[in-house]
Structures are given as structure tokens and as C-alpha cells.
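The next block holds one structure in the form of C-alpha cells; read it before the comments.
In this text, all values refer to a predicted model and were calculated from it rather than measured experimentally. Lettering of chains follows the sequences in order, A, B, ..., and the numbering in each one begins at 1.
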Amino acid sequence: MSDPIPPNLADRLPKHYSPSEVEPRRLQDWLDSNAFHSVPDSGRHPYAIVIPPPNVTGILHMGHALNNTLQDILIRHARMRGLETLWMPGTDHAGIATQNVVERSLADEGLHRNAIGREKFVRRVWEWREKYGSTIITQLKRLGCSCDWERERFTMDDGLSRAVREVFVSLYREGLIYRGRRLINWCVRCHTALSDDEVEHVEREGKLWHIRYRLKNGRGSVVVATTRPETMPGDTAVAVHPDDARYRNLVGQTAILPIMNREIPVIADAMVDPGFGSGVLKITPAHDPNDFEVGLRHDLEQITVIGPDGMMTAAAGKYSRLDRFRARDKILEDLAELKAIAQTVEHRHAVGQCYRCDSPVEPFLSEQWFVRMRPLADKAIQASKEGKLKFTPSRWERVYLSWLENVRDWCISRQIWWGHRIPVWYCGQCHEMIAALEAPAACGKCGSPNLVQDPDVLDTWFSSALWPFSTLGWPDKTPELDFYYPTEVLVTARDIIYFWVARMMMMGLHFMGEVPFRQVYINGTILDENGARMSKTKENGIDPLVMIQGGKQRRFGKEYAYDSYGADSVRYTLCTLTTDGQDIKLAPSRFEMGRNFINKMWNASRFVLIRLSETPAGGDMPKASDLSLADRWILSRLAACVAGASGQLEAFRFHEYARTVYEFAWGDFCDWYLEMAKPYLNQGGPAAGVTAGILAWTLDNILRVLHPATPFFTEEVWRLLAEVAPARGLEDIRPAEPLLIRASWPDCEAASRWRDPAIERDMDRAMNIVRAVRNIRAKFNLPPKLRLAVLVSAAKADYLESVVPLGMMIRDQAGVESLDFGVNLEKPRQTATEIIDGAQVYAPLSGLMNVEVERLRIEKELSKRLRGRDDLNRKLHNLEFLGKAPAEVVEREKARLGELMRQAGELTELRDSLES
RNA sequence: GGGCGGUUAGCUCAGUCGGUUGGAGCGCUUGCCUUACAAGCAAGAGGCCAUUGGUUCGAGUCCAAUACCGCCCACCA
């Protein structure tokens, strides 16, 4: 009735696991069987994650590898728990970044976007995206990400574009989007406005120039301090603090702006810090955010002297057409000639840089679109206060909240071509402004068909903010939106908490009336082995694809060749390194850890598979009464592992999850249980069948628990197990699920029936005896073949009760000829002794001991115990300890003291016997 | 200027509610190619838990200060 044993099984199982051979096959299988696809199913609980959409220009870096590994672990775990899981994938059009990339490729052809025009340029970007935009998606698949690839979205596809227009028009009608002439951050190189968050502040060495402005009345002068003399042509006032006694009489007077010889008023404004510089500030409303505010308060003229191209404008007089930095030099020269520079002071200050191209950002006065943030941010704050959003690690909540509390209006218009065009049209006739979902045919006010659409596009982050609901079909009321929203958890890096997390929260609450996700997990940043952020210029990056597939990579000026570690190794290693969102210092060699673990488990699997195929009746689920102590022990440990792993994953403790499984799988299963199983397997008969069944069952559960972290390897072994096991009737204990990805997570409650603290304690004692014997062998360099006759002398009878039933196991594992037990046996002559918790282990040896070495070791052990004894004695004589510590702690300490004293006594005796 | 994180073995890091003798991986030492695995097995060495003070019967763990390293925010020109 049973199928024949699979042919040549052993031949198909190489000693070295080969991820590069296995992983592509397993991936193809998953993709072919559409294993990651999810559909709304009202019979199950939803569990959705939206991917932080990588930029279409991006290629997979270690940060992505980490971030997506963690998401995949969560989603696979949830899927196995029987939830209806959707991991929504996609990419972001990344406005400025992508435009820059395509502009560079144009430049290689000697072209500029202005030369080919907007329409053609945008077409070029789409072509570029068609060609290269799926690179990162392919790479995510290779990493093993179980996204629902059928649902892949792009922030500029039709559906999402519609959502963007819908949101824009709706916010516009609510008065939450407005157009205004404001001082915004301008990137001279990208030629566009930026939001406050897109400006990076970098500390730079600079100078603070003190410049003398003559007074019009000829009575002296006033000295202002500035770091930006090139903006002087735009000065329209000089300001002092109203309470500054030094300058009180200056207020109301008129100063002469040097170089320009323009008359400007001296005003008083509380914004001026009397303690900084000279206490006098030049006011340039068109080129400084503070000055802009002062200018509004005092009704000052705004003179733009630096243009959008970074060149001085005509308003800068003789400096016009000069680059702003050349203008600075020229103005300083001229001032020096006029002897108007009172002093020059070294000054460290923060300079704003564009986050996309690093060029210095200019405050620039222009007409832009803004989102009124206060009402939206308040909703997000409210949701947090109501506990609807939980951060892990929790400290990020404060960071997030403080941004929301201090947020200013968001400049959303960009003067680039790649992005969502602002859905606003202007009437050429009556200048009416029309916001609409589709291009209107005619002006609603005057009926003129002469309409021009706003040339600007929206900030990339505007569309990303809608991602959790736009990808589910909003504004349509789709089954997906209804079922999966709100999503469960967002996994992301801390640098986009403001850009993305906060804005998704605001938009989600505003348009869906519910948080877009209940939890946010902030993963750490991957650093190189020296603790530096990875970057192209530093050549310190580690390419995950090279780690996965092997290959060459340049690092620190040298080219290195790497073997293939495999996606599982990369994933598992990253998982073990993820502790509480801490940053991760990474070196390529770290992946050896994951590789070695997987190889170890591969070999354990080989062993189980081969033995299973050789053992008649192996794989039937054994009856409880047939189980050996070893079996009951491994089942108890397994139950602990399953419960631990589940709890750790649910609490996002990735490192603890990985460690729990590692310790069980390698430590308990491989190091001990496999060895204990061998004698049973070799003995054949029913006992072998029982053992084979437990081996299969345990391996099966290890595969399930490990699957979220190492999906490829576990899926491969699962298939092999399915090939071997049905022939042995293993359907009893394994469902006939062909794909592990769809199999169920081990049932913690059912497993908990196997927990058995007594067995674990007994086995622990037995293992200590085994270790003691091995220790003796190692210490005296005994040949492995030398058979020993070992005596175990227990301090108490209950110890014997624990250990005697495990005598066979101890004998096998310690490789001893004979093993005898007793309580407080007399120490034989000429014996090696190990003192362990609760017993002495004696191994008679004649003439093999190095007495001196042994004496030194004993002295060391003894003094350690005496120290411990003294500490404990002091503690147990302390009335306060006895009075205040919990009784169980006191009891434990007493027991420990007893054991320590016993061991110290034995050691002393041992030492003395050496003397003779 | 404000905030956050870190400091534990030679290296990289864990350490959950304060309670036995503080752990892992790598590296190191010794012995093993033991029919699952040398990417391995067995045994071992290696710690003033940054410093100081406090709370507590008891502190790597809680509190305060200090030092050093790193990150974020901020309109002192």
C-alpha cells in the first residue's frame, strides 16, 4: 500500500546546501502557483501591510533588504496563522529623483530637457520607467518577498492619479489647499520649490561679517552682522531690538545701504537678538524667512535679488547676472574698498541643502501651492492620544508627535515636469482659477475655452501620503478597501517618519476617517563595519544582491569576490541583528552566521529524510505511551520553542525570535536529540519507527517556525519531506498541504500539552553528567576509543530518580563502557572527578592524570565556590534580606548555599587526596 | 539651543518584571575528517557591565550627574 522509497534520495542531498540552486526553483514555484495572492474573504481576519514603495530609480540596498525582510517575516507569520494576508507592493515615481536621473541620461546625449520640451521629456521618463522601473521589484522577489505581485501599483498609474486629483480638489474645496506668494525653499539646481522637510541642514564653517551702514544724518554709522552679504542689495531695513538701550535713539532714523546707496529705515522688532553679533540685523525680506516676517510686520518692500537660477537679478544693480557666490566675493571686495567691513568673525552655522542633489537651498519668494496642515495634524495627534497608533520602539511616538505639533504649511508645488500635474486651470479671459478632476472644457465663470493648466506638479510625497488607501482602489468603494483598511502595521525607516508616516496618517484620517495602520515598526539603519552610513561616494555599501547570488563588489577602493550566501542567509542574519530598532553595523562576513545555520539545518534535514526513508513505519504518529524520555524531552523543548517564537514575533522582537529557534534547532535538536535518536534508529523495530516519527514531527515544526525568516530553505525541505513522508503515513501529523507557505503555524496551545518541566530538569542533569565525562576526556586527552567505567555519586536520592532512567542515554552520549549510580558513594582511588550540580562524576584512571594541572584547576574552582559561599552567607545573615526579600528568593539562596558548600567540601577533599 | 540612542568578552552585539553562577556569533586555545553536517563535533580560556553618586534586603537592569561616540530637530542673522 505504501509508495516505494524515493529513489536515490541520498544522492539528491548534497552535504553543502546550495541556495543558488534551490532558491530560484522555489521562487518560480511560488510565483507560478500565485501563492502570495490575497482576496477579500469575510470568513477570515484581514492582515495587510503596504510596502514603503521604493523609488522607481532605486536598486535594492541593504536598508531595503532589512526593511522588506522584516515585513515578509510578519506577513508570512500572519499567513500561517490563518489570517487573510495582503502585502501590497509597488513603486513610487519619485519626482525630483527620477527627473534628475533622466536628465542625466539626456545630458549624455548632449541634450537638455528644455531642448526637447515638456511633452517629449515626460514621454522619455515613462520610457525610462518601462525599461528600468521594475528592477527593484525583481530584486524584492529574489529576496523572497511574498507580496501580492498581481496587485503591484505605481504612484502615477491611472488609479492612483485619480486618487491624487480627488484629494487635491477635495482639500482645495475645503480650503485646506491654497495658493500663495510665500518665501519657500528653492533648489537652484533642481529648479524647483522644496518643502521644509526636503531641506537638510548641514553645519558648515562660515564667516560673520560686520558691516558698517552710514546714517543719513551723517552722525556716525551702525554695524550690522551678516553671513550673507550677497543679499545686501535686497536690504530694505535695518533692525534692532526695541528694548536695546544701545540703539534706542537709532530707531526711526535712516541708514544708507552701502554699495547700493539706498536709503533704508532703522526699525525696532522683537525678533532681533541683542546678544548676537552686533545686535543689529539687516532685513532682506525676499531672502530670509525671519526677515520675510519682519517685512510683513513693518510693510517693507520685498526685493528679489537672487533669481531662480542662482544668478543676481537686475534689481541687484551692478551685480546682476553674477552667480550668487561670485556676487558675495565682489560685494565683499567693494565693501573692503569702502572700508565698510568693521570685522570678520569665523562662524559655524547650518546651511540648508537640497535632499536630492545637496546644492545649497535659497529662500525664494514665489507663488506656490500649500496644504494647510494644522487641522490635519490635529486629527493625527488626536488619534495618537486615543491610542489608535502604536510605535515600536515607542520612543518614536514623541518624535512623530513633536513634528505634528510644530508643523507648518506644506509647500506641495514643484516646478518640475515629472509628477502629478496640479489639477487647476486658469482662465485666459477672466483669470478664474478652476480646480477640477478632469480638464474643464470652458471657464465656469466667463465661458471662455481659453484655459491653461497650472504648469507645476505635486510633491512626490503627496501621492505617497495616499498609498494605504489609493492602492486599495479609493476613491471607489472597493471590496479591498472595505476589507483590508486599516492595515495592520507599517514597517519603515525613521528618516521618513515626517515625509511619509505622518502624512499618511493625516490623509488616512481625513479621507477614510480611520488610521491607515494600527502599528508602526521603525527598523534600524544599516551602517558599514565602521559605523558609517552606507553611500556610493564612500564606496562602503554592501549589495544585497551580491550577498544573495554571489559576485564581485567594489568596496573601499578594492574589488572583492563573494560566494553566494543565499537570500535565506541574508534574511536570517538581518533578522538576528534586528534588536529594538537599533542601528546595525554590518560586514559581509556577518552573513556566514546565517549561511552556517541554514547549512546545519540542511544537514539535520538530510539525516531525518534519509533515516525516515529507511525506517519501516517511521513517520507514523507515535502513541504517547510509546515515547522514550528523549522523545518527551524534545517535544517539551519544541513546545517551549513554538510558544517563544510566536510571542517574540507578535511583539516585533525579531532577534529574540531568531535566537529562540536557533537555540532549539541547533542546540536541542541537532546537538542532542539527533544523537539520542541514533541508537533507537539503529536498533530497528518499533522503537525506530517511533523515533523516526518524532524526528519527522519535530523537523516539520522547525520548518514551520523557521519559514517566515528562511522561506526558501524550509520550503525545499518541506517538499522533500512530503516526498518521503506520505510513503510512511505521515498524513496523520502533517496536513497534505503541498506548499509550506500555506501551511499552518504550529498550534501553541496543542503544543503546550507537551511541556514537561520534570523531564527537562532530568534531562538537564543527565546532560551535565555527559558533559562531565566529555570534560574528563578532553582534560586528560584520553583517546576517544578508550572506554571508561563511570560512577555517578549523587548527593540526594531524588537526583538518582531523575538520572537513572536516562542511564542508557548517558552511556551512549558519553561513550562510556559502564555506568553506575549511588548516593554518596565513596570516592574510588585513582580517579578523575568532576563536581557538578547535585553529584560527583568519577572516572577511574590510572596514571593518566597530570596531578599539577589538576591541582591548579581544583584550586581555581574551589576559590570560586568559596567566594560564592561567603557572599551568600553574608546575604543570608542579613536580617533585612531575610525580612524583605520574597520567601522563594530566600529559599532559593539557601538551597544554593547548601549546594555550594557541598561542592566546596568535595573539592577540598579532592585537593587533599591529590596531596597524598 | 532642544531631543534621542549607545558605552557589557579581543571584535560585533543580546540581556524582557531588579533576584541563582551575565549570554551568543566571530576570533582565540586543545583534541577530533566520530557513516547528518570540518560551513562541522567536543572541551576550554576570556568580563571592575563607561565613571561617580543615589534608591533598594538586593542594581548590568531603576534614578541623577559626568565623560566619550553617534543620530535627529531648531528662523540667532
Would you say [N] has OP1 or OP2 under 4.0 Å from some side-chain N or O of [X]?
{"X": "Lys860(A)", "N": "G44(B)", "answer": "no"}
{"X": "Asn596(A)", "N": "G40(B)", "answer": "yes"}
{"X": "Thr579(A)", "N": "A14(B)", "answer": "yes"}
{"X": "Lys678(A)", "N": "A36(B)", "answer": "yes"}
{"X": "Lys600(A)", "N": "C41(B)", "answer": "yes"}

Nucleotide nearest [X] when distance is taken to its side chain, options [options]:
{"X": "Trp666(A)", "options": "A36(B), G40(B), C13(B)", "result": "G40(B)"}
{"X": "His655(A)", "options": "A77(B), A14(B), A36(B)", "result": "A14(B)"}
{"X": "Phe881(A)", "options": "A74(B), G19(B), C75(B)", "result": "G19(B)"}

Mind checking the [atom1] distance from [N] to [M]? Whole angstroms is fine.
{"N": "G10(B)", "M": "G27(B)", "atom1": "C1'", "value": "7 Å"}
{"N": "G44(B)", "M": "A9(B)", "atom1": "C1'", "value": "14 Å"}
{"N": "C4(B)", "M": "A77(B)", "atom1": "P", "value": "24 Å"}
{"N": "U55(B)", "M": "G2(B)", "atom1": "C1'", "value": "29 Å"}
{"N": "U61(B)", "M": "A50(B)", "atom1": "P", "value": "8 Å"}
{"N": "C48(B)", "M": "U7(B)", "atom1": "C1'", "value": "15 Å"}
{"N": "C72(B)", "M": "C57(B)", "atom1": "C1'", "value": "42 Å"}
{"N": "A24(B)", "M": "C49(B)", "atom1": "C1'", "value": "16 Å"}

Within this structure, what is the [atom1]-to-[atom2] distance between [X] and [N], rounded to whole angstrom?
{"X": "Asn775(A)", "N": "G31(B)", "atom1": "CG", "atom2": "P", "result": "16 Å"}
{"X": "Glu346(A)", "N": "A77(B)", "atom1": "CD", "atom2": "C1'", "result": "17 Å"}
{"X": "Ile584(A)", "N": "G25(B)", "atom1": "CD1", "atom2": "P", "result": "19 Å"}
{"X": "Asp671(A)", "N": "A24(B)", "atom1": "CG", "atom2": "C1'", "result": "14 Å"}
{"X": "Glu529(A)", "N": "G27(B)", "atom1": "CD", "atom2": "C1'", "result": "16 Å"}
{"X": "Met232(A)", "N": "A77(B)", "atom1": "CE", "atom2": "P", "result": "18 Å"}
{"X": "Arg653(A)", "N": "C13(B)", "atom1": "CZ", "atom2": "P", "result": "21 Å"}
{"X": "Asp871(A)", "N": "G22(B)", "atom1": "CG", "atom2": "P", "result": "11 Å"}

> Within 45° of the ring axis of Tyr662(A) and under 6.0 Å from its six-membered ring centre, is that where the NZ or CZ of Lys600(A) lies?
Replying inline: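 No - Lys600(A) does not lie over the ring of Tyr662(A) by the 6.0 Å and 45° rule.
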
> What's the base orientation of C73(B): syn (chi within 90° of 0) or anti?
Replying inline: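 Anti, which is what one calls it when the glycosidic angle falls more than 90° from 0.
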
Would you say the side chain of [X] and the base of [N] hold a donor-acceptor pair, judged only by whether the two atoms sit under 3.5 Å apart?
{"X": "Lys15(A)", "N": "C37(B)", "answer": "no"}
{"X": "His16(A)", "N": "A39(B)", "answer": "yes"}
{"X": "Arg774(A)", "N": "A43(B)", "answer": "no"}

>> Can you confirm whether the side chains of Tyr355(A) and Glu198(A) place a donor and an acceptor under 3.5 Å from each other?
In response: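 A donor-acceptor contact under 3.5 Å links the two side chains.
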
> Do Asn768(A) and Arg765(A) meet the criterion of a side-chain donor-acceptor pair at a distance under 3.5 Å?
Replying inline: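 There is no such pair (donor and acceptor under 3.5 Å, judged by atom type) between the side chains of Asn768(A) and Arg765(A).
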
> Would you call Pro363(A) and Asp288(A) a side-chain contact if the rule is heavy atoms closer than 4.5 Å?
Replying inline: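 Answer no - side chains too far apart.
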
> So which one's nearest nucleotide on RNA chain B is more toward 5', Cys670(A) or Arg398(A)?
Replying inline: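 Of the two residues, Arg398(A) wins.
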
>> Check this for me, if you would: do Arg867(A) and Asp870(A) make a salt bridge, where the nitrogen-to-carboxylate-oxygen distance has to be below 4.0 angstrom?
In response: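 Salt bridge flag = no for Asp870(A) with Arg867(A).
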
